[in-house]
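First the structure, in the form of structure tokens, and then the observations on it.
Excluded from the calculations below are hydrogen atoms, water molecules and symmetry mates; all remaining heavy atoms, backbone and side chain alike, are included. Letters A, B, ... are given to chains in the order of the sequence lines, protein chains preceding strands, and every chain is numbered from 1.
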There are 2 protein chains.
Amino acid sequence: MKALKIPEATIVRLSVYSRFLEQVDKKGIVTISSGEIAEGVGVSPAQVRKDLAYFGEFGTRGVGYNVKDLLRHTLKILGLNARWPAVVVGAGNLGSALVSYRGFRERGFDIVGVFDNDLTKIGKRLMELEVMATEKIEQIVKQHNVKIGILTVPASSAKDAANLLINAGVKAILNFAPIVLSVPADVEVRDIDLSTRLEILTFHLCLKEMM
Amino acid sequence: MKALKIPEATIVRLSVYSRFLEQVDKKGIVTISSGEIAEGVGVSPAQVRKDLAYFGEFGTRGVGYNVKDLLRHTLKILGLNARWPAVVVGAGNLGSALVSYRGFRERGFDIVGVFDNDLTKIGKRLMELEVMATEKIEQIVKQHNVKIGILTVPASSAKDAANLLINAGVKAILNFAPIVLSVPADVEVRDIDLSTRLEILTFHLCLKEMM
DNA sequence: GACTGTGAAGCCATTCACAGCT
DNA sequence: AGCTGTGAATGGCTTCACAGTC
């Protein structure tokens, strides 16, 4: 595994390949070609090969890739050979939905704490968890060695909530608040801005309107 | 406005600039430079100018941009000078959360229908809406002239749900299901894959671990 | 013959650097 | 003097095309 800089787009696709391979494996298929993967996930065969080649030589020339093997490798690369505890800060509608989101559990993520500083929400049960005050973040994060925090608080409290997570030892934040978080260099942040995603769509709808 | 091909990243940033300008405007600030916008949203000043230049000359050399003016322009470009009705298909946790998500309303999106084909969910009230059977999609989409559909169903039903939306006349889909939708060329799809976003984080956590 | 792995080419987005206004 | 708008340069990702392997 060379220490090259990997494009973020490659990581995103790796996640997609990995999930596609799970499906393929379930069907009992043993071998798959880059072309078949490409077909299945909507990219080019060369792209698939290039993406995988960043991490090693997983295929056999003239044959293709062993599905189980490649699946195991992609999961390993993404760090999904272990389970990841995570916490959610913000127990509003979105935060609550994420606590019970199946997709996370299926891919190895376990929500081990939900926090809010709204007194009307504290104590509420969500799945097997109880919403806790944000003062408890540090305790839970240390107890479960949590590295991942999911931020679903309003923009106005996002900065404070992020700091609580970072001070507790969280090293990666998935941020749903529509603001730019500034964090130390050793903390990874990725934003999911739901409105922005819709606005990409309205932009294109308008473009087409004009033609 | 030249008919150039605009990078998708530019549209994403435009949405961010636009929201930042709303904040700035609220503070009563009249004029702003590309450098100040850049600072506020975490990109380079040249990037800000280049992005805006795709759509016209909104600034004044030696001075900067008029905040209200630029805000109006960015909203217009994104199509946010009008409100957009939208429907949600999938009334699970995520779908329910999105129906009541404030951020959408604030940016001009109105959810006018929620659908599911799970009988235990049909009839349930979410905000001022009542969950309807998916057979009602066509009626509601046509009635409100809905162009945008939000898909929050499981992967297994996503293809069918997408087809219902498309047949009803929807032209843009925000897809939360972790599968690749194949749609006609006149339909825009953007995916939000929540697990993938977390997996980008675990990938980076693992990388750092190794150093 | 089929398919992977990869250097080279091509393409697209970002950054630079400066001319053009105010 | 200050800041925008933009052609040119850079950097990075994707596609191409083919050598290498089964």
A/T202 (side chain) donor-acceptor with B/L78 (main chain) under 3.5 angstrom: yes
Using atom types as modelled and distance alone, determine if a side-chain donor or acceptor of B/S100 lies under 3.5 Å from a backbone N or O of B/S96. yes
Taking all non-hydrogen atoms of both residues, which atom of A/E138 and which atom of A/N167 are closest, and how far apart? OE2-O, 4.2 Å
Distance in angstrom units between A/N66 CG and D/dC22 C1', rounded: 15 Å
All N/O pairs under 3.5 Å across the protein-nucleotides 14-17 of chain C interface:
{"residue": "C/dT14", "atom": "OP1", "partner": "B/R13", "partner atom": "NH1", "Å": "2.9"}
{"residue": "C/dT14", "atom": "OP2", "partner": "B/R13", "partner atom": "NH2", "Å": "3.0"}
{"residue": "C/dT14", "atom": "O5'", "partner": "B/Q47", "partner atom": "OE1", "Å": "3.1"}
{"residue": "C/dT15", "atom": "OP2", "partner": "B/S44", "partner atom": "OG", "Å": "3.2"}
{"residue": "C/dT15", "atom": "OP2", "partner": "B/Q47", "partner atom": "OE1", "Å": "3.4"}
{"residue": "C/dA17", "atom": "N6", "partner": "B/R49", "partner atom": "NH2", "Å": "3.4"}

Would you kindly give the CZ-to-P distance between A/F55 and C/dG5, to the nearest whole Å? 14 Å
If the threshold is 4.0 Å, N to carboxylate O, is there a salt bridge linking B/E106 and B/R19? no
Below 3.5 Å between N/O atoms, which protein atoms pair up with nucleotides 20-22 of chain C? Just atom names and distances, please.
{"residue": "C/dG20", "atom": "O4'", "partner": "B/R61", "partner atom": "NH1", "Å": "3.4"}
{"residue": "C/dG20", "atom": "N3", "partner": "B/R61", "partner atom": "NH1", "Å": "3.4"}
{"residue": "C/dT22", "atom": "O4'", "partner": "B/R61", "partner atom": "O", "Å": "3.2"}

Measure the distance from CG on A/L52 to C1' on D/dT15 and round it to the nearest whole Å. 16 Å
Counting distance only, does the side-chain N/O of A/W84 pair as donor-acceptor with the main-chain N or O of A/V146 below 3.5 Å? no
D/dC3 phosphate, OP1 or OP2: any side-chain N/O from B/S33 under 4.0 angstrom? no
Between D/dT14 atom P and A/L14 atom CG, what is the distance in whole Å? 13 Å
Give a yes or no answer on whether the side chain of A/T74 reaches the backbone of A/L14 with a donor-acceptor pair at less than 3.5 Å. no
Distance-only criterion, 3.5 Å: show the donor-acceptor pairs between side-chain atoms of residues 31-42 of chain B and protein atoms not counting sequence neighbours.
{"residue": "B/S33", "atom": "OG", "partner": "B/G35", "partner atom": "N", "Å": "3.4"}
{"residue": "B/S33", "atom": "OG", "partner": "B/E36", "partner atom": "N", "Å": "3.2"}
{"residue": "B/S33", "atom": "OG", "partner": "B/E36", "partner atom": "OE1", "Å": "3.3"}
{"residue": "B/S34", "atom": "OG", "partner": "B/R49", "partner atom": "NH1", "Å": "3.1"}
{"residue": "B/E36", "atom": "OE1", "partner": "B/S33", "partner atom": "N", "Å": "2.8"}

Measure CZ/A/F58 against P/C/dT6 and give the value in whole Å, please. 11 Å
Nearest-angstrom distance from the residue atom CD of A/E57 to P of D/dC22: 10 Å
Quick one: A/Y65 OH to C/dA2 P, roughly how many Å, whole number? 17 Å
Within residues 19-32 of chain A, the residues having a heavy atom closer than 4.0 Å to DNA chain C are none
Would you say the rings of B/Y17 and B/F20 are close, in the sense that their centroids are separated by under 6.0 Å? no
Without decimals, in angstroms, what is the distance between B/H73 NE2 and D/dG5 P? 11 Å
Nearest heavy-atom contact between A/E188 and B/K208 is OE2-NZ, 3.1 Å
Could you give the side-chain donor-acceptor pairs of residues 55-66 of chain B under 3.5 Å, partners two or more places apart or in another chain?
{"residue": "B/N66", "atom": "OD1", "partner": "B/K68", "partner atom": "N", "Å": "3.2"}
{"residue": "B/N66", "atom": "OD1", "partner": "B/D69", "partner atom": "N", "Å": "2.8"}

For residues 150-163 of chain B, which side-chain donor-acceptor pairs fall under 3.5 Å, sequence neighbours excluded?
{"residue": "B/T152", "atom": "OG1", "partner": "B/V89", "partner atom": "O", "Å": "3.2"}
{"residue": "B/T152", "atom": "OG1", "partner": "B/G90", "partner atom": "O", "Å": "2.7"}
{"residue": "B/N163", "atom": "ND2", "partner": "B/K159", "partner atom": "O", "Å": "3.4"}

